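Every chain is numbered from 1 and lettered A, B, ... according to where its sequence line falls, protein lines coming before strand lines. When reading the values below, keep in mind they use all heavy atoms of this one structure, side chains included, and skip hydrogens, waters and symmetry mates. What you see is a predicted model; the values in this text were computed from it and never measured.
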Protein chains: 2
Amino acid sequence: MNKKTQGTQRRDESLSRERIIEAAIEILDSTGESGLTFRSLSEKLATGPGAIYWHIADKSDLLTAACDAIVARTVDAQARDTTPKSGIRKLALGIFDMMEAHPWAGSALIRAGGKMPIVRILERVGPHVDALGVPKSKQWATVSALLNYMLGVGAQNAANTLLARSGEVRRSELLDGVSAAWSQLDPANYPYTRSMASYLLAHDDRKDFLAGIDLILSGIDSGRNTN
Amino acid sequence: MNKKTQGTQRRDESLSRERIIEAAIEILDSTGESGLTFRSLSEKLATGPGAIYWHIADKSDLLTAACDAIVARTVDAQARDTTPKSGIRKLALGIFDMMEAHPWAGSALIRAGGKMPIVRILERVGPHVDALGVPKSKQWATVSALLNYMLGVGAQNAANTLLARSGEVRRSELLDGVSAAWSQLDPANYPYTRSMASYLLAHDDRKDFLAGIDLILSGIDSGRNTN
DNA sequence: ACCTGAACACCGTTCAAGT
DNA sequence: ACCTGAACACCGTTCAAGT
């Protein structure tokens with residue numbers, strides 16, 4: 001009856017930073033980082049590319065904001081009542097799973113500098129490290145180590161899914177390919193990498209990720225005694 | 001006298017993969033990752049963009065090859081006669097310094113997947129880890145942890161120099177900016193990050209990087225006993 | 001076999017003009 | 001204040017044509 005509220009192609013909600021970021025996340029999740037352009041985004045939002053610039057500074061701002069939104073969700077889903085060690089382990093696994101589900105978030109997180117998404121993670125890791133008894137003067141180095149490790153894993157995962165996407169191969173097939181390439185390396189020059197080829201096939205990403213966290217955690221432990 | 005050998009604009013050496021990669025490194029070092037385009041590269045080589053594609057598959061191939069060249073130099077400069085621990089520390093510092101000198105290499109390394117530059121590093125770290133007494137079944141996870149940590153630091157350094165370049169600020173000023181932003185965060189929601197703002201100003205990148213390596217190394221140590 | 005350079009199909013970003 | 005969409009200044013990559 002009411003023509004005004006029927007709306008054909010015209011969006012009913014007005015544009016907003018939140019709506020833009022939400023749409024960006026949908027595009028990133030479905031088509032990856034290369035699928036997100038100001039044209040694809042403005043098409044999804046039924047507007048022009050220029051309109052987005054009223055709410056978003058530039059593409060880097062958009063990526064950081066999209067990343068921040070999912071980091072916030074991940075971090076808020078964490079239980080607060082745990083021991084420091086299990087708190088760190090659970091947080092790390094949460095970040096890992098987040099990066100697995102949203103591969104673009106890994107590279108976005110690394111490019112975010114000291115902005116909000118990093119702050120959110122820092123704000124969770126820090127108190128756990130403090131509760132572990134690490135002296136204030138060493139906390140920055142310790143927290144950095146945990147953070148850098150998580151980011152390194154995430155960024156490499158992101159790179160791998162990117163490679164897999166472009167080459168029309170799945171993640172597991174990509175690992176198969178790397179393993180095969182390694183096993184064909186010159187034994188004289190690359191004996192170690194060759195020997196790792198079979199381990200690469202059998203390994204469990206998530207488990208190895210946690211093993212790295214545990215390595216750092218027990219490094220923190222032994223540091224406390226000799227301090 | 002001899003017009004043929006005087007050569008005006010015309011290059012005398014013919015194009016080759018090596019010459020292209022060498023020129024790419026020069027551009028990357030002087031103008032950063034965004035300065036390297038097939039146009040700028042072909043201009044430096046006094047040829048057309050299409051010519052490069054006869055020797056190089058695509059831009060990702062070019063970046064990986066450029067990265068591999070400087071990783072090879074770094075790794076070859078390492079002394080071989082050291083204890084495992086100091087070997088790992090020296091290698092890690094070598095990689096760190098390399099990434100500081102060539103910020104583009106950090107992101108290139110991360111996007112290289114399991115290709116040559118990674119293999120070179122693996123081939124150095126692996127034997128040290130083996131000599132440390134880590135059982136074969138745990139070596140992949142251990143080597144991965146070290147590698148991921150190094151890549152995480154490098155990629156973040158790369159991102160920071162990129163941010164600094166685009167914003168016309170130097171690296172140190174960027175850190176000042178982050179520190180200032182952190183000290184203005186809401187104390188109720190971000191107390192920990194706020195408290196780290198001052199430490200961020202005083203810290204030493206290289207020292208903290210090494211502290212992280214040492215954390216992992218002593219984690220490996222304590223794992224050996226409870227194994 | 002190797003090189004040339006115009007052309008194609010895109011990008012992020014800007015900006016006069018509208019409402 | 002907010003949106004439109006054409007235009008600008010780029011990209012990576014391809015490919016017919018040359019040598």
Side-chain angles (χ1 to χ4, degrees), chain A residues 4 7-24 27-28 31-67 104 107-108 111-112 159 162-163 165-168, chain B residues 4 7-24 27-28 31-67 104 107-108 111-112 159 162-163 165-168:
Chain A
K4 270 177 193 161
T8 61
Q9 306 288 57
R10 183 113 185 97
R11 58 190 148 70
D12 32 18
E13 301 172 71
S14 75
L15 222 50
S16 71
R17 195 164 216 272
E18 285 67 37
R19 266 178 47 79
I20 293 173
I21 290 164
E22 188 191 329
I27 294 179
L28 286 164
T31 62
E33 203 169 333
S34 67
L36 179 68
T37 67
F38 279 80
R39 280 165 183 82
S40 69
L41 185 56
S42 64
E43 194 183 357
K44 191 179 190 102
L45 290 165
T47 180
I52 294 165
Y53 280 89
W54 190 262
H55 305 272
I56 302 283
D58 52 25
K59 191 158 187 187
S60 150
D61 180 29
L62 179 61
L63 246 3
T64 303
C67 179
W104 52 272
S107 31
R111 275 184 258 123
L162 197 81
L163 280 175
R165 210 184 291 262
S166 71
E168 282 152 37
Chain B
K4 270 176 194 162
T8 60
Q9 305 290 57
R10 182 112 185 98
R11 55 188 151 71
D12 33 17
E13 302 172 69
S14 75
L15 223 49
S16 71
R17 196 165 215 270
E18 286 66 36
R19 265 178 47 80
I20 293 173
I21 290 163
E22 187 191 331
I27 294 179
L28 285 164
T31 61
E33 203 169 332
S34 67
L36 179 69
T37 68
F38 278 80
R39 281 166 182 82
S40 69
L41 185 57
S42 64
E43 194 183 357
K44 189 179 191 106
L45 291 165
T47 180
I52 295 165
Y53 279 90
W54 189 263
H55 305 272
I56 302 282
D58 51 25
K59 190 160 187 186
S60 149
D61 180 29
L62 179 61
L63 247 3
T64 302
C67 178
W104 52 272
S107 32
R111 275 183 257 122
L162 196 81
L163 281 175
R165 211 184 291 263
S166 71
E168 282 153 37

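Of the candidates D:dG12, C:dT13, D:dC3, the closest approach to any side-chain atom of A:K59 belongs to C:dT13. With D:dT13, C:dC3, D:dC3 as the choices, the nucleotide that has an atom nearest any side-chain atom of A:L15 turns out to be D:dC3. For A:P49, the side-chain atoms get nearest to C:dT13 when compared with the rest of D:dG12, C:dT13, C:dC3. Among the nucleotides D:dG12, C:dT13, C:dC11, the one closest to the side chain of A:T37 is C:dC11.
Distance CG/B:L45 to CD/B:E22: 9.0 Å, rounded to 0.5 Å.
Atom CZ of B:R19 and atom C1' of C:dC2 are 14 Å apart (whole Å). Between A:I52 atom CD1 and D:dC3 atom P there is a gap of 11 Å when expressed in whole angstrom units. Atom CG in B:L41 sits roughly 13 Å away from atom C1' in D:dG12 (whole-Å rounding). With rounding to whole Å, B:D58 atom CG is found 9 Å from D:dT13 atom C1'. Counting to the nearest Å, the P atom of D:dA1 and the CZ atom of A:R17 are 19 Å from each other. Rounded to whole Å, atom P of D:dC15 lies 12 Å from atom OH of B:Y53. One interatomic measurement links the two molecules: CG of B:L62 to P of D:dC11, which rounds to 14 Å at whole-angstrom precision. If you measure from atom CZ of B:F38 to atom P of C:dC3, you get 15 Å, rounded to the nearest angstrom.
Remark: C:dA1 base-pairs with D:dT19; criterion is Watson-Crick or G-U wobble with both hydrogen-bond distances under 3.5 Å. Both distances falling under 3.5 Å, in either a Watson-Crick or a G-U wobble arrangement, place D:dT13 opposite C:dA7.
By the 4.0 Å N-to-carboxylate-O rule, A:R111 lies close enough to A:E33 to be salt-bridged with it.
Comparing A:A57 and A:G35 along DNA chain C, the residue whose closest nucleotide (by nearest heavy atom) sits nearer the 5' end is A:G35. Both A:R39 and A:G48 lie near DNA chain D, and the one whose nearest nucleotide falls closer to the 5' end is A:G48.
Here the side chain of B:S107 pairs a donor or acceptor atom with the backbone of B:W104 at under 3.5 angstrom. B:T31 places no side-chain N or O within donor-acceptor distance of the main-chain N or O of B:L28, the cut-off being under 3.5 Å.
At the heavy-atom level, A:L36 lies under 4.0 Å from the strands shown only through sugar-phosphate atoms.
The side chain of A:W54 contributes an N or O atom lying less than 4.0 Å from OP1 or OP2 of D:dC2.
Residues A:L41 and A:L62 have side chains in contact (heavy-atom distance under 4.5 Å, counting atoms from C-beta outward).
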